[in-house]
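Below, all heavy atoms of this structure are taken into account, side chains as well, without hydrogens, waters or symmetry copies.
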Amino acid sequence: MRKRRIAPPLLAVGIAAAASLSAPATATAFGASSAASPESPAAKGPLRQFTQQQIEWQRCDANGPATFQCATVNVPLDYGDPGGKTIGIAVSRLKASSTAERRGILLLNPGGPGAPGLGLPVDPLVKFPEELKRQYDLIGFDLRGAGKSSPVSCGLTVDEQSNHPYKPETFTKDVDLARTIAEKCQARAGDKLPHLTTRNAARDMDVIRAALGEKKISYLGMSYGTYLGAVYTQMFPQRADRFVLDSATDPARIYRGMFQDMAKAAEQAFTRWSEWTAARHTTYGLGDSPAEVRRTYWDLIAQANREPIHFEGQALTGDDIRADNRTFFHVRKAAELIAGLKNAAEGKNPDPSGTPGTSGTHGQAEEPDDNYASVAWSLMCSDTRTWSRDPEQYRRDAIRDKARYPLYGDFAANIAPCAFWKQQGSEPQTKIDNKVGALITQNEWDSQTPLFTARAMHRALRGSRMLTVAGGEGHGVLYAPGGNSCADKVATAYLTTGKLPDKDLTCQASAGQAESAGQAEKSR
């Protein structure tokens with residue numbers, strides 16, 4: 001149970017009117033007077049060098065499959081100035097195994113925002129069906145600024161990448177920390193920050209499409225990748241073929257609202273967990289009623305805040321324990337964890353390391369790789385202008401949300417670097433409202449993008465269908481080891497035939513789904 005980094009795995013964590021490859025002529029924040037699609041006459045001049053570039057493929061890894069190839073696709077840093085600075089987008093390809101059955105390309109995004117996606121086509125934890133591999137070139141890519149795509153770094157420390165709860169006595173320090181993060185990013189990557197946006201990532205996807213000689217793309221995105229996919233359908237509806245959005249965000253609540261939704265969902269999961277655990281008191285010894293289980297947990301938090309609990313090589317405060325909003329979505333694993341912490345607090349489980357850990361940061365490098373957090377904050381702060389610039393607004397929100405969502409509300413509502421982010425040149429948030437066909441898949445008990453946020457995405461994508469896994473735990477539904485065969489079958493049928501279900505569907509959680517979901521989230 002490590003102290004969580006700021007950048008959620010979305011989102012993840014759960015974004016019109018400016019220069020885009022498909023927008024009509026308009027005045028833009030980038031200083032360009034117009035922009036057009038790569039296929040229109042107006043675009044052939046400024047964007048021709050990108051849409052018609054020759055991609056040079058080479059083997060990604062000498063130890064990997066020979067059919068797994070990598071390349072760099074050049075794109076404008078600023079789509080409003082396509083003749084200016086360029087950056088490279090790292091792209092991978094696993095070619096369709098059947099020439100006769102090949103349909104086109106399936107772009108893949110794992111979420112983040114900013115999680116590496118280059119290795120997705122051959123990721124051993126993603127069990128792509130053979131039908132998909134026969135019909136599609138599986139295309140992985142790292143988001144602009146992330147991984148191997150002209151990566152950015154703000155030079156953030158471990159503490160600057162970690163969540164912090166609201167406390168009156170530390171709020172001034174939290175404000176200073178948020179300001180420092182914004183200033184570091186501006187100093188280290190200020191020329192790129194206005195252009196690290198989801199709208200530009202969608203434009204990059206369309207350049208990839210054009211450079212590969214495809215008229216349309218199909219897409220499978222998870223968590224934040226659902227938002228990226230939705231933005232693409234809004235900007236390029238005529239080029240969106242078959243889109244699957246796994247574990248969806250609410251596109252209207254990107255991103256501050258998304259964090260607050262996580263806090264609300266954590267309370268719902270806590271209620272479910274306390275009921276489940278009370279029914280198994282003889283196994284876990286945490287209380288024989290939901291009220292008693294909750295009391296046991298909060299007593300443990302209070303004790304750990306007085307004196308850290310030494311557990312699995314770490315000295316954990318109560319705030320360290322609360323920092324992981326995912327805990328209670330996996331009822332059995334949560335019961336095992338809290339029972340283990342209780343035993344450790346009572347001296348029944350000596351720490352096997354024999355050495356107390358450092359609270360929240362045990363085992364982490366002194367100079368961590370901050371690319372993921374740097375990209376995540378860049379996107380989250382630039383994609384939307386809904387972040388308050390008033391520190392006192394965050395204080396008020398944190399006090400309110402800690403009262404109504406005690407588990408995680410103060411973490412979710414506390415001040416963020418976006419309060420001090422320079423947004424000159426950034427575009428307005430994308431409003432998602434279209435009839436492009438898409439399939440949304442969602443676990444009932446999702447740890448990062450709650451069921452109600454996926455339903456909001458379903459409403460915004462009016463041509464979509466939604467598949468809910470009743471009783472499903474964890475973040476991510478499709479093509480996982482021990483996953484849900486019912487959901488996999490529906491998604492594969494849509495991707496291979498193009499036919500959406502006639503109505504919204506429900507699958508039941510499989511026996512191994514909760515276990516594998518818990519293992520996957522534990523590894524993140």
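Sorted by first and then second residue, the side chain to side chain donor-acceptor pair (under 3.5 Å) pairs involving residues 86-95 (not counting sequence neighbours) are Gln69-Arg93. The side chain to side chain donor-acceptor pair (under 3.5 Å) pairs that include a residue from residues 485-498 are Tyr479-Thr492, where partners are two or more places apart or lie in different chains.
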(request) Check the pair Arg103 / Asp241 against salt bridge (Lys or Arg N to Asp or Glu O under 4.0 Å), numbers first and verdict last. (result) CA-CA 11 Å; Arg103 172 174 179 79; Asp241 191 5; 2.8 Å; yes
(request) Check the pair Asn414, His164 against side-chain hydrogen bond (donor to acceptor under 3.5 Å, both in side chains), reporting the backbone distance first and the verdict last. (result) CA-CA 7 Å; Asn414 203 3; His164 296 274; over 6 Å; no
(request) Begin from the C-alpha positions of Tyr224 and Thr198 and carry the test side-chain hydrogen bond (donor to acceptor under 3.5 Å, both in side chains) through to its verdict. (result) CA-CA 10 Å; Tyr224 162 80; Thr198 298; 2.7 Å; yes
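In terms of modelled atom types and a separation under 3.5 Å, the side chain of Ser447 and the main chain of Phe329 share no donor-acceptor contact. Checked by atom type and distance alone, the side chain of Thr226 never pairs as donor or acceptor with a backbone atom of Met222 at under 3.5 Å.
Here CG of Leu495 is found 5.0 Å from OH of Tyr136. Values are rounded to the nearest 0.5 Å.
A side-chain contact (heavy atoms from CB on, under 4.5 Å) with Asp204 holds for exactly one of Leu228, Val75, Leu143, Val73; it is Val75.
Ser247 has its side chain within reach of Gln442: a pair of non-hydrogen atoms, C-beta onward, lies under 4.5 Å apart. Annotation: side chain of Asp397 is in contact with side chain of Arg256 (closest heavy-atom distance under 4.5 Å). Looking only at side-chain heavy atoms (C-beta outward), Leu138 and Leu108 come within less than 4.5 Å of each other. When side chains are defined from C-beta on, Trp377 does not count as touching Tyr372, because their heavy atoms never get closer than 4.5 Å. Here the side chains of His195 and Arg144 are in contact, with some heavy-atom distance below 4.5 Å.
At least one test fails for Lys148 against the ring of Phe141: distance under 6.0 Å to the centre or angle within 45° of the axis.
Under a 4.0 Å N-O distance rule, the pair Lys85/Asp191 qualifies as a salt bridge. For the pair Arg203 and Asp206, the salt-bridge criterion is not met [side-chain N within less than 4.0 Å of a carboxylate O]. Between Glu214 and Arg239 there is no salt bridge, since no side-chain N of the basic residue sits under 4.0 Å from a carboxylate O of the acidic one.
When the side-chain hydrogen bond (donor to acceptor under 3.5 Å, both in side chains) test is applied to Lys499, the partners found at least two apart in sequence or on another chain are Asp502.
Taking all atoms of both residues into account, the shortest heavy-atom contact from Leu193 to Ser378 is CD2-OG, 3.2 Å. The heavy-atom pair separating Phe50 from Ala211 by the smallest distance is O-CB, 4.0 Å. Of all heavy-atom pairs between Leu212 and Trp57, the closest is CD2-CZ2, 3.7 Å.
The aromatic rings of Tyr232 and Phe236 are tilted relative to each other, their planes meeting at an angle between 30° and 60°.
In summary, the side chains of Gln393 and Ser388 do not present any donor paired with an acceptor at a separation below 3.5 Å, with no hydrogens or angles considered.
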